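In what follows, chains are A, B, ... by sequence order, proteins preceding strands, each numbered from 1. Computed from a predicted structure; not experimentally measured.
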Amino acid sequence: MARYNAQATEKKWQAFWDENKVFATQTRGNAEKYYVLEMFPYPSGRIHMGHVRVYTLGDVIARYKRAKGLDVLHPMGWDAFGMPAENAAIEEGIPPAKWTSDNIATMRLQLKSMGFSYDWSREIATCSPDYYRHEQKMFLDLLEAGLAYRKESMVNWDPVDNTVLANEQVIEGRGWRSGALVERRLLPQWMFRITAYADELLEGLPALDRWPESVRIMQENWIGRSEGMRVNFSLKGRDDHLTVFTTRHDTLFGASFCAIAADHPLAKELASDNPKLNNFIDECNRLGTSEAALEKADKTGFDTGLRALHPFDENRELTVFVANFVLMNYGTGAIFGCPAHDQRDLDFARKYGLDVLPVVCPSSQTDAEFVIADKAFTGNGMIINSAFLNGLRTEDAKRAVAERLESNNQGKTHINYRLRDWGVSRQRYWGCPIPVIHCQDCGIVPVPEIELPVLLPDDVDFDKPGNPLDRHPTWKYVQCPCCDSPARRETDTFDTFVDSSWYFCRYACPNAEMPLDTKAVHAWLPVDQYVGGIEHAILHLLYSRFFMRAMRKCGYVDFDEPFTGLLAQGMVCHDTYRDAQGWLYPEEVERNQKGLLVRRDTQTPVIAGRSESMSKSKKNVVDPETIISAYGADTARLFMLSDSPPERDIEWTESGVDGAWRFVQRIWRMVDEPKFPLAPKNMPAPSHIDGPSLALRRTTHKIISDVTNDIDKFRFNRAVARVRELTNAIGAFEHNDRAGSWAVREALETLVQLIGPMMPHIAEEMWHSLGHDPSLVNHPWPEPDPTLIAAENVTVAVQVNGKLRTTLTLGLNVDPAVAESRALADPTVIASIGGRTVRKIVVVPNRVINVVV
RNA sequence: CGGCGCGUGGUGGAAUUGGUAUACACAACAGACUUAAAAUCUGUCCCCUUUUAAGGGUUGUCGGUUCGAGUCCGACCGUGCCGACCA
């Protein structure tokens with residue numbers, strides 16, 4: 001009896017798959033296509049458990065769809081530009097290109113050792129000129145299409161990474177990567193006009209019905225469409241006016257002040273001869289960057305001395321404040337304050353003693369009893385105290401106000417979005433160079449297409465902070481392509497989210513001379529199933545949806561949505577351990593004889609913290625490689641699939657891995673040393689099968705049906721449970737006769753096929769042991785026999801007044817009247833009825849009979 | 001503060017989507033095999049009454065709809081994630 005040797009067997013089959021190009025993408029023409037893609041990794045050095053999970057999920061889908069006879073595209077590549085490579089250069093003196101390609105080489109080997117079914121011939125790395133030259137060409141197209149532009153704009157500046165961050169890369173006022181407090185700076189930036197597609201991106205969401213609801217809601221909120229009005233307030237003693245954005249123009253008569261943002265142009269103008277106002281603005285800007293402080297910050301304002309006139313009543317003068325709670329980057333950077341119906345305005349009004357005039361009365365109260373204390377009423381209702389609006393409901397009042405303001409040229413209905421244009425400039429070296437040239441005479445000149453790619457120079461130094469491209473002695477000095485006079489290259493590079501906004505298209509045509517081969521892209525795209533972390537719910541997924549539309553406008557494709565299905569998998573968690581010295585790795589901790597957690601080396605006590613997602617900072621990580629070398633890839637893959645549904649977090653436990661390992665051994669023994677000889681392979685079914693053998697056949701086919709269903713719905717944990725049931729059924733089977741040995745072979749072969757996508761190496765080995773030629777990968781998925789699934793008898797629950805009293809075995813689809821009389825004849829049921837009158841009998845066929853008395 | 005999600009045994013979780021709650025595993029306990037250990041196999045394993053048989057209760061709490069609720073509705077409690085002054 002030989003123990004299953006996972007390491008040798010896995011290597012053997014990986015080599016077989018490789019040599020025979022088993023996973024080469026097929027295009028058979030008559031088969032349906034299926035594109036399954038997992039988010040490509042950043043080559044940080046080594047794979048971690050998060051990678052193992054997401055790529056296992058994707059691989060099960062890919063192998064399953066392949067077995068189902070579909071043409072599957074399942075590629076892998078590298079999100080290879082980005083700051084860690086530069087940090088390595090700064091800290092260890094390794095050039096970013098070398099650091100990155102070394103990491104890719106390591107991680108590629110690690111992924112191969114997991115046995116994933118990638119078509120490696122389509123591998124791409126975003127840092128390769130073969131990739132980024134096409135990105136540069138696409139940028140030129142976007143530029144021409146008016147979707148890329150340059151703008152002097154206030155940016156989020158990360159003082160640690162010395163770079164600009166997009167709004168969504170700022171989390172609680174800190175850089176998403178460095179964690180440094182973000183400053184505001186005015187810099188010329190390259191922007192992508194994502195706002196041009198705000199409505200389209202919003203309207204496309206409901207059709208993405210195979211996306212998680214939560215992701216769609218997050219994107220919806222991020223786009224932040226709101227219907228309202230721009231309203232002009234005349235300014236006393238000035239010719240110009242103040243434009244505010246509001247969604248509650250029905251409350252216009254409740255206005256008691258106006259407020260503008262600290263960086264509103266009007267505020268800046270007024271501050272030029274008002275030092276106190278200037279001071280106040282400075283204070284706001286300082287606060288404006290630190291969101292944590294802002295949370296508790298009081299609403300403060302500064303009276304500019306200006307007075308705005310109410311649009312419907314020139315005699316009403318409203319003080320114009322600069323206020324710290326008004327944001328320049330939303331709406332017009334100016335508001336009118338209606339304290340009775342907006343909590344912020346109410347807080348502000350109470351602080352500065354301003355009027356609070358209720359103008360909307362909730363339907364539950366009369367206007368006489370309705371008062372505003374410390375809570376604003378923000379709901380809809382009946383308009384009061386509002387001249388010509390009195391008696392109207394909120395919606396009608398909005399319409400009436402809009403009509404009157406528009407006819408007086410005092411306002412315009414307006415749809416406002418929270419979404420901002422996407423700033424793509426990064427002042428970094430390790431990114432795709434932006435292919436433009438700055439000429440004193442000609443301005444911004446695109447690099448001519450024949451000169452692409454603009455290559456990154458190799459000879460850069462990382463001794464000083466800032467952008468090495470900018471400091472390079474020669475790289476940026478070029479001649480203007482238009483006038484030949486001396487000019488300078490753009491030294492900004494792209495945000496790496498640009499790289500990942502189209503890579504999924506390039507997989508369809510990795511060697512095309514053009515950025516995209518439209519025919520190939522249309523053959524494979526959209527991605528049928530995308531798998532990745534929920535952390536990309538907004539950034540990557542929204543950018544990709546935008547880029548798809550931009551590529552459509554540039555004529556590359558004729559569809560809008562890159563990913564029609566999305567599976568957002570949960571994180572891999574592990575217990576945390578620490579002692580007085582700090583966090584400890586799991587392998588540094590053990591249980592002593594008393595069962596207490598202690599350090600392995602010193603035997604001193606260890607505190608067990610709660611389970612959290614694996615992270616290097618908390619040291620609660622398990623290196624996949626140690627698991628693979630101890631148990632093999634199949635065990636790791638099985639563990640990732642069992643127990644928890646994919647979208648939920650999974651708890652990595654040593655005992656769970658042991659359990660998975662035991663299962664691998666167990667199924668191996670079933671073919672390596674069967675309890676009795678199996679029927680020869682390919683033998684036709686015996687003409688007569690009954691008793692336990694028939695029962696085993698029924699189980700086998702029921703489980704084919706269940707597992708197929710479960711994998712279709714990505715309920716892999718249930719699929720694993722069903723497979724274990726089949727294993728238990730085979731293990732318990734004792735019927736050593738002709739029919740029995742045939743049924744066992746059928747069950748075993750089914751078992752092997754069902755675990756194929758989950759544990760491909762052992763499945764391949766068992767398939768071979770059962771006498772079949774490789775590769776199982778190309779063997780069709782088993783089909784359940786419907787006549788075996790349909791049971792002839794069903795167990796039906798019998799309830800009296802909703803309480804379970806007994807169960808009956810009835811024929812399938814038996815006449816309800818028969819079921820009824822069988823139930824009423826049952827002694828337990830008679831006893832439960834206890835002589836009471838039967839009022840009603842509910843019969844749910846094949847499920848339940850409920851006697852109501 | 002808002003949005004979204006979750007709450008089922010000691011643990012991870014299952015429940016045909018309103019129809020027999022606790023599938024499948026992990027852990028624990030007992031036993032078999034063994035000189036011993038590992039491995040393997042068998043059994044017990046939500047709670048209460050009772051030796052068993054049998055009965056009663058149970059899906060965070062309270063209420064509602066229904067012949068019937070883990071599942072639907074309302075309120076509350078707890079918890080997690082995300083967004084946060086979005087006018």
Side-chain angles (χ1 to χ4, degrees), chain A residues 1 3 168 171-172 212-218 220-222 224-226 228-229 244-249 251 259 288 291-292 294-295 297 299 323-327 329-338 341-345 347-348 378 416-419 534-535 537-538 570-571 613 639 642-645 647-651 653-660 662-663 665-666 669 706 709-710 715 717-728 731 794-808 828 839-853:
Chain A
M1 139 178 183
R3 243 164 112 80
E168 45 274 51
I171 294 146
E172 290 179 5
E213 175 91 44
S214 62
V215 173
R216 297 198 311 239
I217 290 171
M218 275 193 251
E220 190 182 326
N221 291 340
W222 190 263
R225 181 184 200 269
S226 42
M229 289 199 81
V244 307
F245 175 71
T246 180
T247 55
R248 290 303 300 270
H249 30 295
T251 67
E291 306 260 346
L294 203 137
E295 188 181 336
K299 307 210 172 349
N324 66 347
F325 65 94
V326 180
L327 309 171
N329 60 16
Y330 185 80
T332 60
I335 61 152
F336 81 80
C338 179
H341 305 290
D342 184 290
Q343 193 58 45
R344 292 157 303 179
D345 297 348
D347 296 344
F348 190 81
T378 56
N416 195 67
Y417 297 92
R418 210 187 74 112
L419 182 71
I534 190 84
E535 65 273 20
I538 296 171
M571 294 176 297
S613 87
F639 179 84
S642 345
D643 294 349
S644 290
E647 58 280 358
R648 228 182 280 186
D649 286 352
I650 194 169
E651 178 70 24
T653 61
E654 193 65 25
S655 56
V657 180
D658 280 338
R662 280 199 298 271
F663 182 70
Q665 295 290 346
R666 186 166 172 223
R669 280 195 305 271
D706 286 348
N709 223 326
D710 288 337
R715 293 191 289 202
N717 56 326
R718 271 177 30 149
V720 170
R722 296 290 90 84
V723 163
R724 293 186 114 124
E725 273 177 33
L726 180 57
T727 309
N728 291 343
V794 287
T795 308
V796 175
V798 183
Q799 302 172 333
V800 175
N801 279 353
K803 277 193 182 166
L804 180 72
R805 290 300 164 188
T806 189
T807 57
L808 289 177
T828 323
R839 278 183 22 221
K840 185 174 166 190
I841 300 177
V842 181
V843 179
V844 180
N846 305 325
R847 292 234 190 287
V848 76
I849 299 163
N850 191 9
V851 181
V852 186
V853 298

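The ring-ring contact (aromatic ring centres under 6.0 Å, His included) test applied to A:Phe348 returns A:Phe257, A:Phe321, A:Phe325, A:Tyr352, not counting sequence neighbours. Listed by chain and residue number, A:Thr246, A:Asp250, A:Thr251, A:Val360, A:Asn380, A:Thr394, A:Lys398 satisfy the side-chain contact (heavy atoms from CB on, under 4.5 Å) test with A:Arg248 (two or more places apart in sequence, or in another chain). Partners of A:Phe245 under the ring-ring contact (aromatic ring centres under 6.0 Å, His included) rule, at least two apart in sequence or in another chain, are A:His414.
Residues A:Val215 and A:Ala537 approach most closely at CG1-O, 3.7 Å, considering heavy atoms. Between A:Ser644 and A:Asp649, the shortest heavy-atom contact is OG-O, 3.7 Å.
Comparing atom distances between the A:Arg418 side chain and each of B:rA87, B:rG83, B:rG13 picks out B:rG83 as nearest. For A:Val848, the listed nucleotide lying nearest its side chain is B:rG19; candidates were B:rG19, B:rA14, B:rC85. Relative to the side chain of A:Ser655, the nucleotides B:rA21, B:rC26, B:rG3 differ in distance, and B:rC26 lies closest.
Atom name C1', nucleotides B:rA53 and B:rU42: the rounded distance is 24 Å, in whole Å. Taking atom P in both B:rU8 and B:rG80, one finds a spacing of 14 Å when rounded to whole Å. Distance check on atom C1': B:rG70 versus B:rU20 gives 14 Å, rounded to whole Å. Nucleotides B:rG2 and B:rC46 are separated by 38 Å at their C1' atoms, to the nearest Å. Nucleotides B:rC85 and B:rC76, compared at atom C1', are 29 Å apart to the nearest Å. A distance of about 35 Å separates the C1' atoms of B:rU11 and B:rU65, rounded to the whole Å.
Between A:Glu535 atom CD and B:rG83 atom P there is a gap of 12 Å when expressed in whole angstrom units. Rounded to whole angstrom, the span from the CE atom of A:Met218 across to the C1' atom of B:rC82 amounts to 6 Å. With rounding to whole Å, A:Arg669 atom CZ is found 11 Å from B:rA39 atom P. Computed from coordinates, the A:Glu651 CD to B:rA27 C1' distance equals 14 Å when rounded to whole Å. Here the C1' atom of nucleotide B:rC85 and the CZ atom of A:Phe336 are 17 Å apart, to the nearest Å. The distance between atom CG of A:Asn221 and atom P of B:rC1, rounded to the nearest whole Å, is 19 Å. In this entry the distance linking CD1 of A:Ile538 with C1' of B:rC81 reads 12 Å, nearest Å.
Contacts of A:Val720 with the nucleic acid, taken as non-hydrogen atoms under 4.0 Å apart, are absent. Residue A:Arg715 is classed as a base contact, given a heavy-atom separation below 4.0 Å to a base. Among the atoms of the strands shown, none is found under 4.0 Å from any heavy atom of A:Thr653. Residue contacts shown for A:Ser642 are absent, as no nucleic acid heavy atom lies under 4.0 Å away. Nucleic acid contact for A:Asp706: none, since no nucleic acid atom lies under 4.0 Å from a heavy atom of the residue. Residue contacts for A:Arg724: at a heavy-atom cut-off of 4.0 Å it reaches the sugar-phosphate backbone alone, with no base atom in range.
Between the side chains of A:Arg666 and A:Asn728, at least one donor-acceptor pair of N or O atoms lies under 3.5 Å.
The base of B:rU16 lies close enough to the side chain of A:Arg847 for a donor and an acceptor atom to sit less than 3.5 Å apart. Below the 3.5 angstrom threshold, one finds no donor paired with an acceptor across the side chain of A:Arg662 and the base of B:rA39.
Side chain of A:Asp345 to backbone of A:Cys338: a donor-acceptor contact under 3.5 angstrom is found.
Nearer to the 5' terminus of RNA chain B, by closest-nucleotide assignment, is the contact made by A:Arg805 (compared with the other of A:Ala334 and A:Arg805). A residue-by-residue look at A:Ser214 and A:Asp345 shows that A:Ser214 has its nearest nucleotide of RNA chain B further toward the 5' end.
OP1 or OP2 of B:rA14 has at least one side-chain nitrogen or oxygen of A:Asn717 nearer than 4.0 Å. In terms of phosphate contacts, A:Arg666 brings a side-chain nitrogen or oxygen within less than 4.0 Å of OP1 or OP2 of B:rC41. For A:Lys803 and B:rU20, the shortest distance from a side-chain N or O to OP1 or OP2 is not below 4.0 Å. At B:rC86, one or more side-chain N or O atoms of A:Arg344 fall inside 4.0 Å of OP1 or OP2 (strictly under the cut-off). Note on A:Arg216: every side-chain N or O is 4.0 Å or more away from OP1 and OP2 of B:rC82. Contact check, A:Asn846 against B:rU16: no side-chain N or O comes under 4.0 Å of OP1 or OP2.
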N/O contacts under 3.5 Å, protein versus nucleotides 67-72 of chain B?
{"unit_1": "B:rC67", "atom_1": "O2'", "unit_2": "A:Asn850", "atom_2": "ND2", "d": "3.0"}
{"unit_1": "B:rC67", "atom_1": "O2", "unit_2": "A:Asn850", "atom_2": "ND2", "d": "2.6"}

What donor-acceptor contacts under 3.5 angstrom involve side-chain atoms of residues 840-853 of chain A, with partners at least two apart or in another chain?
{"unit_1": "A:Asn846", "atom_1": "OD1", "unit_2": "A:Asn813", "atom_2": "N", "d": "2.9"}
{"unit_1": "A:Asn846", "atom_1": "ND2", "unit_2": "A:Asn813", "atom_2": "OD1", "d": "2.8"}
{"unit_1": "A:Asn850", "atom_1": "OD1", "unit_2": "A:Gly802", "atom_2": "N", "d": "3.0"}

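Residues A:Phe663 and A:Val720 fail the side-chain proximity criterion, which asks for heavy atoms closer than 4.5 Å. Counting only heavy atoms from C-beta outward, the side chains of A:Arg344 and A:Ile335 never approach each other to under 4.5 Å.
Separation of atoms CE (A:Met571) and CD1 (A:Ile534) is listed at 10.0 Å; rounding is to 0.5 Å.
When base pairs are accepted only as Watson-Crick or G-U wobble with both N-N or N-O distances under 3.5 Å, RNA chain B takes part in stems of 3 or more pairs at B:1-7 with B:77-83, B:10-12 with B:24-26, B:28-32 with B:40-44, B:46-49 with B:54-57, B:60-64 with B:72-76.
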